[in-house]
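Heads up: the structure comes next, in structure tokens.
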2 protein chains.
Amino acid sequence: MKSTIYDVANAAGVSIATVSKVVNRTGNISQKTREHVLSVMDELQYQPSAVASALTGKKTSTFGLLLSNIANPFFAEAARSLEDEARAADYSIVMCSTDNEDERSLNYLSLLQRKQVDGMIIACHFTDWSLLQPFLATNIPVVLFSKDISSLDVHTVTVDDYKGGYKAIEYLVHNGHHHIGIVAEAGPSGEHRIRGGQQAMKDADIQYRPEWITNVHSSIRDGYTGALQMLGQSERPSAIFACNDMLAVGVLQAAEELGLQVPSDLSIIGFDDTLLSQIVQPRLTTISQPISDMAHHTIQLLLRHADTPDMAKQKAIFQPKLIKGRSTQAITPTS
Amino acid sequence: MKSTIYDVANAAGVSIATVSKVVNRTGNISQKTREHVLSVMDELQYQPSAVASALTGKKTSTFGLLLSNIANPFFAEAARSLEDEARAADYSIVMCSTDNEDERSLNYLSLLQRKQVDGMIIACHFTDWSLLQPFLATNIPVVLFSKDISSLDVHTVTVDDYKGGYKAIEYLVHNGHHHIGIVAEAGPSGEHRIRGGQQAMKDADIQYRPEWITNVHSSIRDGYTGALQMLGQSERPSAIFACNDMLAVGVLQAAEELGLQVPSDLSIIGFDDTLLSQIVQPRLTTISQPISDMAHHTIQLLLRHADTPDMAKQKAIFQPKLIKGRSTQAITPTS
DNA sequence: CTGAAAGCGCTAACAT
DNA sequence: ATGTTAGCGCTTTCAG
């Protein structure tokens, strides 16, 4: 049977308070008893119960992580970074794949609340973000990761989506592309990336065409169908900016389907710099997010908020970076 | 402030025992009081504390999941399935990326133990599996997922690695390949896959060459260098069986590096049928594991073991399936 | 059908 | 420097 603090206290001939103190390194304990208790502890293989201590101490050392789908490489990579940062602070992470379904998210949220997690990271999408309001009201530490919902008063850690979109299009423009399509995922990030892209076009005096902007979901299939449709039009873009790597892969597949060579017939640029972008052929040009920095900041925010519940909500914006692959090339001046 | 069972009891004019009973649907409560209590509960937004109930009830409704690295697509996909199955039983999952480092794994294991998880799924690798012994001795529900360590008396859920290797090589052989290389990851699964492959060669009266079998770790880079070395020899295989998709991607990259066309110059077959195999060019032929079935079985085992601590340890072996891609082709009879 | 009371294992004053 | 004690929020006999 598992031994408790009482067993240790008895065996060591001290009180449970003393044991508690040596376990937590609190209070003043003589070197001698400390060592003695310590030795009894491992003799009995004593493991303090995190549950009991959570019930008293008010800390579970656990964070909840809501994401769309852990099987999606972007989220998996983010989860890994977040886990590492959490571990550094002695926290563990409960993962929750919501498939972006509001109801599932809400269920998970309340589950996590019942489990008294010390904070939640929300990296999934909501159809109706106002549903979050009641949770935020409880002032549980929450960080929105990689989405910025301006209407919500909550800590937010994102990449600068607008600038990312801008850089992507800017790069294409510098490479001589005037006919540029965009395949975006629905949602705030996608919109910001589009707007950034549009601005880049405007700054270069390039017209963007509404029919060359497609809003879809975020699977490979979505990118595929979106691109297929866009490229099926009488006049087709010479380059496509896909708002994330999954979509970009779909676009790539569509190009192949249509017999278009990438990058000679069609340049493609993605977003996120996930593993995917590194293994497709040709290696994707993409915009990378500094995920580890973002993860670090996220965990720090959670920790700080737990200490200072009344701290002002803060929005941190990280800088995206262009990663040059081989899915883009300068356009040969034919047209 | 969060309301407790006392608040509800007071507000409803009943005892906490009664509240507890309606929350847990236990005991006999009149329709009338039940409804009344229920209404008070949501009026007060009462959320039973999972922590407190765990301290008494002895269940946390949480499983621990140890895996090498959640950022690795195979594990991410497995994690997703496991999460779904766990959720169906009202359990959540704490993820732990160990990078296959024994010390980290051990730390996580004892952390999970302190958190009193109701079971652990081990899907990572140990250098020294005997380190697990002490944990198994506590008879905490444990399932080894996708590894079979015969020396350990523990529930095990795996794919038939031997047969998977056999099928892979058999397929190559049927396609006329006589010169077959293997790039394997160190560890039991890899070994079984190799052995199955070797048997398939033997059954077809094909010699396997020791210099065409490489044991590496399991990253893309490992597959790349392993293949580079193998293909750099004076006589090269016409086909390579990579023991997992990551390695296969590395092999693919090595082939490209060497200017070899896949599949015309070199056939490649992978293992796992992860997302990777679907997006590389050409689509990888691979051996798939029935991950959802395995995940289902894993969770059921954990659940059952919790009920019946003295149940015999069981080893479940699932059947692999060949997925035909375009990275393999029949050899043109030149040699 | 409902309630009183004894813990679960630990922490944190407050005493000694 | 160490011990006593009162909870934390809930489950579960056992009485009523």
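Everything numeric here is computed off the predicted structure, so don't read it as measured data. Sequence lines set the chain letters: A, B, ... in the order given, protein chains first and strands last, and positions in each chain run from 1.
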Kindly state each residue pair satisfying side-chain hydrogen bond (donor to acceptor under 3.5 Å, both in side chains) with at least one member in residues 60-79 of chain B, sequence neighbours excluded.
Arg80(A)-Asn69(B), Lys115(A)-Thr62(B), Thr60(B)-Asp118(B), Ser68(B)-Asn100(B)

Phe135(B): ring pair (Phe, Tyr, Trp, His ring centres under 6.0 Å) partners, not counting sequence neighbours
none

Across all chains, not counting sequence neighbours, the ring pair (Phe, Tyr, Trp, His ring centres under 6.0 Å) partners of Phe63(A) are Tyr91(A)

Taking ring pair (Phe, Tyr, Trp, His ring centres under 6.0 Å) as the definition, give me every residue that meets it alongside His36(B), ordered by chain and number, with sequence neighbours left out.
none

Hits for side chain to side chain donor-acceptor pair (under 3.5 Å) against Glu43(A), two or more places apart or cross-chain, chain-then-number order -> none

Could you write nucleotides 10-16 of chain C as a row of B, S and -, 5' to 3', where a protein heavy atom under 4.0 Å of any base atom gives B, of only sugar-phosphate atoms gives S, and otherwise -?
BBB----

Can you pull the ring-ring contact (aromatic ring centres under 6.0 Å, His included) pairs that have at least one residue in residues 107-130 of chain A, sequence neighbours excluded?
His125(A)-Trp129(A), Phe126(A)-Trp129(A)

So the side-chain hydrogen bond (donor to acceptor under 3.5 Å, both in side chains) pairs with at least one residue in residues 15-25 of chain A (sequence neighbours excluded) are Ser15(A)-Thr18(A), Ser20(A)-Asn24(A)

Need one value for Leu55(A): base, sugar-phosphate or nothing, where a base atom within 4.0 Å counts as base even if backbone is also close, heavy atoms only.
base

At the 4.0 Å heavy-atom cut-off to chain A, mark where contacts on DNA chain D begin and end, going 5' to 3'.
dA1(D) to dG9(D)

What is the minimum heavy-atom distance between Leu303(B) and Ala89(B), and which atoms define it?
CD2-CB, 3.7 Å

Distance test, side-chain N/O of Thr18(B) to OP1/OP2 of dG3(C), below 4.0 Å:
yes

Does either side chain, that of Ser146(B) or that of Gln289(B), offer a donor lying less than 3.5 Å from an acceptor on the other one?
no

Looking at Arg87(B) and Asp84(B), is any side-chain nitrogen of the basic one under 4.0 Å from a carboxylate oxygen of the acidic one?
yes

Those residues that, when tested against His305(B), pass ring pair (Phe, Tyr, Trp, His ring centres under 6.0 Å) (two or more places apart):
His155(B)

List the atom of Asp148(A), the atom of Lys315(A), and the distance in Å for their closest heavy-atom pair.
OD1-NZ, 3.5 Å

So, with a heavy-atom separation below 4.0 Å from DNA chain C, the residues of residues 34-44 of chain A are none

How far apart are the closest heavy atoms of Pro134(A) and Ser130(A), and which atoms are they?
CD-O, 3.7 Å

If you fit an axis to the five pairs at each end of the helix from dC1(C)-dG16(D) to dT16(C)-dA1(D), how big is the angle between those two axes, to 10 degrees?
40°

Comparing Ile29(B) with Gln116(B), nearest DNA chain C nucleotide closer to 5' gives the residue Ile29(B)

